[in-house]
Trainee: 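First the structure, then my questions, so here it is.
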Amino acid sequence: GAKFALVLPLVLGGSLLTSFFLLNSGLSLPTPPTDSSGGDFIKDLAAQLKGVVPLMITTSNAAVSLLFTRVEVDAALQGLGWRSDAEKDVETRQKAALGLAAAAVAGSYLGPAALVWPLRNAVNMCVAVTAARAIQLPRLPWATALLASLVAYDVVGVFGSGVLIPAASAAVPLAPPPPPVM
């Protein structure tokens, strides 16, 4: 419980930073001279690395989703009455929670979006609930005040800066849609 509450922000922050840097890195390797014999190798390596980055990001996100979902599935199993002080029973419950969480996360990532959206929602709810538990805001009014402050900041940033409104109104209008085919 307490150990996880300390580790959770570090794992989440590390995953977000890794995703951020991988997305923004572009993996731009230096272009070799044209007369270099290893030029094709470097170009092939760069192309392969660019293909691996999305997989690395997805794997990182799935790992964090698995950790968060396991915590909530374990809590749900405890709530359903699977409680025991025996170390063997706790270990069995945690293994069951890990198995159920792994099945849910794998299904949500690998299944067709049209069919697994409820599973994805459940996994996302597990992430949200676990993050809320880790943050442990003691009162709802504080959370509401923080969100209201964020909305006010956003409104001032958009309408008060005088930069975004002229930029948006100067945008080129979209072309009219084509006539319907009959």
Trainee: Just wondering, do Trp117 and Ser108 contact through their side chains at under 4.5 Å, heavy atoms?
Mentor: no

Trainee: With rounding to the nearest 0.5 angstrom, report the CZ to NZ distance, Arg70 to Lys95.
Mentor: 13.0 Å

Trainee: Is it possible for you to say whether Val105 and Leu119 belong to one hydrophobic cluster, with membership spreading through side-chain heavy-atom contacts below 4.5 Å?
Mentor: no

Trainee: Checking Asp89 now: which residues fulfil side chain to side chain donor-acceptor pair (under 3.5 Å) with it, not counting sequence neighbours?
Mentor: Ser84

Trainee: Taking all atoms of both residues into account, what is the closest heavy-atom pair of Ser65 and Tyr109, and its distance?
Mentor: OG-OH, 3.7 Å

Trainee: Assess the residue pair Thr69 and Thr130 against the criterion (side chain to side chain contact (heavy atoms under 4.5 Å, CB included)); give the C-alpha distance rounded to whole Å, side-chain angles, the decisive distance to 0.1 Å, and a yes or no.
Mentor: CA-CA 8 Å; Thr69 304; Thr130 305; over 6 Å; no

Trainee: Starting from the C-alpha separation in whole Å, work towards a yes-or-no answer on side chain to side chain contact (heavy atoms under 4.5 Å, CB included) for Phe68 and Val129.
Mentor: CA-CA 9 Å; Phe68 284 48; Val129 169; over 6 Å; no

Trainee: From Leu66 CG over to Asn61 CG, what is the distance, rounded to the nearest 0.5 angstrom?
Mentor: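 Between Leu66 CG and Asn61 CG, I get 12.5 Å after rounding to 0.5 Å.
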
Trainee: What's the separation between atom CG in Asp74 and atom CD in Gln94, rounded to the nearest 0.5 Å?
Mentor: 5.5 Å

Trainee: In the hydrophobic clustering that connects Ile, Leu, Val, Met, Phe, Trp and Tyr at side-chain heavy-atom distances below 4.5 Å, which members other than Leu77 occupy its cluster, ordered by chain and number?
Mentor: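 Its cluster mates, by chain and number, are Val73, Trp82, Leu100.
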
Trainee: Could you give all pairs that pass the salt bridge (Lys or Arg N to Asp or Glu O under 4.0 Å) test and reach residues 105-127, with sequence neighbours left out?
Mentor: none

